[in-house]
Amino acid sequence: MSSELKPNFSHSEIEAKWYAHWLDKNYFHSEPDDREPFTIVIPPPNVTGVLHMGHMLNNTIQDILIRKARLDGKNACWVPGTDHASIATEAKVVKWLREEKGLRKSDLKREEFMAYAMNWKEKYGGIILTQLRRLGASCDWQRTAFTMDEIRSRHVIKAFVDLYRKGLLYRDYRMINWDPKAKTVLSNEEVIYREEQSKLVHILYPFADGSPGGITIATQRPETIMADTAVAVNPNDERYSDIVGRKVRIPLIDKEIPIIADEAVEIEFGTGALKITPAHAPEDYEIGKRHGLEVVNIIDETGHINEAGQILVGEDRFDARKKIIKMLADSGHLVKLEDYTTNIGRSERTDVIVEPRLSLQWYVNMKHLGEKALHAVTSGDVKFVPPRYKNIYRHWLENIQDWCISRQLWWGHRIPAWYYGDEVFVAMTAEEALAQAKEKTGNPALTLDDLKQDEDVLDTWFSSWLWPISVFDGFGGSRDFDYYYPTSVLVTGWDIIFLWVARMIMAGYEWYDQKPFHTVYFTGMVRDKQRRKMSKSLGNSPDALALIDQYGADGVRYGLLSASPAGGDLLFDVKLCEQGRNFCNKIWNGLRLVKSWKTTDTPQPDVNRLAHRWFRQQFNRILNQLDADFRQFRLSEALVKLYSFIWTDFFSWYLEIIKPPYGEPIDATTHAQATALFSELMIVLHPFMPFITEEVWHRITDRADGDDCTVSRWPGGGTYDEAFLRRIELAKDIIGKVRDIRNKHGIKMREPLHLMAGQSDETEALMAEEGLVPLIKKMAVLSDFERVPAEPDKGHVRFISGASPFYIPLEQAVDTAAQLAKLEEELKYAEGFVQSVQKKLANERFVANAPEAVVNRERKKLEDGLARVRHLRDAIAALKKEA
RNA sequence: GGGCGAUUAGCUCAGUUGGUUCAGAGCACCUGUCUUACAAACAGGGGGUCAAUGGUUCGAAUCCAUUAUCGCCCA
């Protein structure tokens with residue numbers, strides 16, 4: 001049997017096999033039943049996206065939680081799906097049309113474009129869901145949803161209509177964030193501010209009446225001077241008090257504008273004088289409104305200067321900036337150029353600098369929606385892991401602004417608003433809108449052709465915020481929805497806490513007065529070793545699939561998770577995946593070892609019985625800890641714990657203890673126990689590393705059809721005896737010290753040693769433990785292990801373990817000096833320890849105030865410590881006498 | 001400007017309610033090893049004034065205050 005198993009684990013041969021098997025058995029599909037549900041909705045990746053490190057981390061965590069819930073016997077349901085990602089996808093389709101078909105969007109009718117886009121999506125979209133299978137994601141694929149499919153679209157339109165009827169939607173003409181590349185408005189949350197280098201340009205605006213001088217303003221945007229309609233100073237700024245009210249000329253175009261005074265102008269900034277460009281800066285727009293200034297728009301929707309600019313018409317805004325600085329210098333109006341760092345807002349999707357722009361858009365009133373959403377989190381109804389994100393969330397909601405939801409795109413949900421003259425009709429369908437229009441106007445002759453539907457689509461997040469509801473067809477009132485909602489956990493990155501998480505909570509309370517999920521687990525960002533965020537442009541992100549090919553899905557999952565505390569950033573290093581792969585190999589070889597044993601009907605030796613007792617109890621202890629870890633979402637800790645438990649306790653200790661000499665059989669009882677323990681370990685590790693655990697599960701013993709690791713039951717814990725476990729720890733310490741002595745003296749493992757233990761209660765208890773003496777003899781390779789009444793005369797080394805002395809006679813020369821140094825160091829430590837305990841116990845207030853258990857513990861510590869010190873002193877004295 | 005968080009070994013990080021020999025893990029490093037499951041391994045080892053100062057307490061890596069440095073969110 002064992003001859004089938006290669007020395008190295010090969011993940012590529014098993015991953016596809018088991019994934020297909022799980023699908024074949026339909027294990028991932030969930031239907032409502034009597035069991036407790038455990039539900040996760042996937043943060044839908046962009047339909048055009050490909051798997052990257054962030055997805056891998058995110059989905060590994062979800063899969064761990066789902067698989068654990070499945071093993072716990074819950075009805076686990078993980079709903080996958082994709083997001084239509086309006087801006088990103090439309091950009092990709094436009095590019096594809098241009099490059100592959102030679103078509104421009106402007107050449108196409110809306111319907112034509114949508115047909116191409118849908119086609120494109122069918123062909124290239126959703127690749128990422130296939131890639132998730134490689135990772136082992138146990139999603140219920142039959143429930144795959146798409147934000148633009150029929151059901152989800154219905155939810156979006158219904159939500160819009162409903163909010164409109166409730167008076168929570170409105171249209172307004174105001175300053176918005178414009179993305180000149182995508183040619184659409186963005187919400188505040190889609191603008192990313194970063195500090196960037198810029199120039200502050202000082203420009204002289206001469207007096208209009210021709211008198212000498214003028215006023216020097218400072219601006220970052222010299223290319224917009226043509227749109228200026230005033231220069232403003234602070235009314236309290238004495239430098240300018242006598243020229244307020246006078247007129248100046250805009251250089252280059254010689255337009256006359258007034259100098260006005262407004263409190264909003266910062267005296268300290270620049271020259272204290274601001275050019276006011278109401279069409280192209282939010283603050284200027286406000287100032288302009290206060291002073292009734294004209295609004296001159298000189299930048300078109302693509303970020304180029306338009307006819308109203310008079311000069312530099314058709315130039316890109318940044319080219320225009322360079323040119324105008326040159327022109328100002330030539331005309332003598334440039335006073336100076338100053339280096340300047342400022343916060344620049346860029347589009348989250350296209351990364352171009354956002355252009356403030358006035359336009360008419362749809363908004364959601366957030367005041368109303370925000371209140372319950374805030375309470376949900378502050379009250380703990382929705383739990384955040386880690387909890388510190390509560391503060392960030394609260395801060396945002398307390399300062400919330402209305403949500404701009406219209407987008408000037410075609411790919412998305414078209415806004416269900418129809419216009420007839422100045423009237424707006426919002427309805428589920430054009431026919432309903434027509435009916436409304438007929439009633440409102442009293443004109444029954446109106447037809448659909450008289451109504452004009454809004455050209456814009458809705459923000460993608462306006463569909464994502466309904467996701468936990470819409471994937472279960474919640475607005476239809478479904479059995480699924482009743483059963484699965486609220487979902488159990490949401491796993492997502494903290495970067496979309498406002499864009500997505502907060503809004504889902506709002507939607508949940510708005511439509512069902514119910515949270516969408518019990519807990520939000522925030523993952524960190526995956527960064528490289530230099531702490532840089534992984535990105536395509538930096539090229540520092542490893543190819544996710546290549547990683548899986550190289551290290552196996554289990555190895556990569558291990559690597560991602562072992563260093564990924566909740567909410568903390570993960571500094572990714574392929575070394576971690578390598579460690580995961582090595583762990584797989586270790587498990588594989590443990591399997592090979594156990595499979596290689598022949599069994600015999602002989603009775604179980606004491607040492608094996610002891611080994612099992614010890615490991616069982618240790619396992620119980622770990623199971624308790626794992627329970628706590630899962631409850632608190634400390635997944636990384638749980639995995640690290642399991643890693644060392646399996647590697648060290650199971651392989652390095654348990655299997656080594658029970659391992660029969662080469663070629664000899666093992667007693668059947670021990671073999672059965674080892675097989676059972678191995679299987680249990682595979683269940684416990686399964687959520688983290690599903691593939692290898694399933695493989696080992698099936699190889700370790702014969703299984704009936706359907707007896708798969710992935711659908712087995714998580715083992716229940718049990719009791720353990722602390723005193724017993726401590727005795728074993730002591731034994732392990734003794735073994736370690738013997739090995740150290742071998743190391744130091746160059747004694748090979750095949751040379752058995754003779755170990756003598758000094759008299760103490762401790763050694764007495766130790767040797768009375770059935771099986772422990774043979775255990776120590778086996779693991780330390782001893783010919784003999786016995787207690788002696790006193791230290792032997794000469795020719796031996798000594799060490800202290802616990803509070804007892806041990807001696808090993810040696811044939812070879814003993815390195816007295818080295819031993820002495822080591823013992824003296826240990827003595828120093830032990831004395832310091834004893835001193836600190838003594839000090840504590842001498843303190844009356846400690847003895848009086850501390851709990852009795854704590855005081856007793858200290859007394860025991862003192863007793864042991866004193867014994868240890870005594871033995872160390874004896875040993876040192878003896879050693880000195882020898883020298 | 002408002003807020004949040006962090007600072008523990010060379011690196012990345014645990015350390016749960018303040019109390020068990022509590023100063024830990026992994027990686028890295030050093031020494032040794034074909035000990036026939038595994039060199040992707042095995043057996044050992046060295047390494048930290050827990051950022052600084054002060055306070056609370058019988059007792060502080062842990063709680064409080066101040067300072068320093070760094071990171072992030074919002075404006």
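In the text below, chain A, chain B and the rest are named by the order of the sequence lines, each starting its count at 1.
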For nucleotides B:G18 and B:A9, find the distance between their C1' atoms and express it as a whole number of Å. 24 Å
Same-atom distance (P) from B:U12 to B:G71, integer angstrom: 14 Å
Are A:R621 and A:N624 linked by a side-chain donor-acceptor pair shorter than 3.5 Å? no
Between A:Q673 and A:T670, a side-chain donor and acceptor under 3.5 Å: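 There is no such pair (donor and acceptor under 3.5 Å, judged by atom type) between the side chains of A:Q673 and A:T670.
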What residues from residues 724-736 of chain A pass a heavy-atom cutoff of under 4.0 Å to RNA chain B?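 Contacts with RNA chain B under 4.0 Å: A:G736.
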Just to be sure I understand the geometry, which residues of residues 638-654 of chain A put a non-hydrogen atom under 4.0 Å away from RNA chain B?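 A:W647, A:F651, A:S652 - these, ordered by number, are the residues of the stretch whose heavy atoms sit under 4.0 Å from the strand.
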State which of [options] makes the closest approach to the side chain of [X].
{"X": "A:L571", "options": "B:A75, B:U12, B:G5", "result": "B:U12"}
{"X": "A:H395", "options": "B:C58, B:C74, B:A40", "result": "B:C74"}
{"X": "A:F498", "options": "B:C74, B:A14, B:U12", "result": "B:C74"}
{"X": "A:W494", "options": "B:C73, B:A75, B:A37", "result": "B:C73"}
{"X": "A:N589", "options": "B:C38, B:U16, B:A75", "result": "B:C38"}
{"X": "A:K748", "options": "B:C58, B:U33, B:A40", "result": "B:U33"}

Can you name the residues that form a ring-ring contact (aromatic ring centres under 6.0 Å, His included) with A:F785, not counting sequence neighbours?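 If we apply the ring-ring contact (aromatic ring centres under 6.0 Å, His included) test to A:F785, skipping adjacent residues, there are no hits.
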Could you pull out all residues at least two apart from A:R527 that satisfy salt bridge (charged side-chain N to carboxylate O under 4.0 Å, His left out)? A:D569
Secondary structure of RNA chain B in dot-bracket form (Watson-Crick or G-U wobble, distances below 3.5 Å, | marking inter-strand pairs): (((((((..((((.....[....)))).(((((.......))))).....(((((..]....)))))))))))).
Under 6.0 Å between ring centres, would you say that holds for A:Y389 and A:F384? no
Centroid-to-centroid, A:F688 to A:Y643, below 6.0 Å?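 No - the distance between ring centres of A:F688 and A:Y643 does not fall below the 6.0 Å cut-off.
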Starting from the 5' end of RNA chain B, give me the residue, A:Q632 or A:Y662, whose nearest nucleotide shows up first.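 That would be A:Q632.
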For residues 570-583 of chain A, which residue pairs qualify under salt bridge (charged side-chain N to carboxylate O under 4.0 Å, His left out), counting only residues two or more places apart or in two chains? A:K529-A:D573
Looking at every strand, decide which applies to A:E656 at a 4.0 Å heavy-atom threshold: base, sugar-phosphate, or nothing.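 Contact class for A:E656: base.
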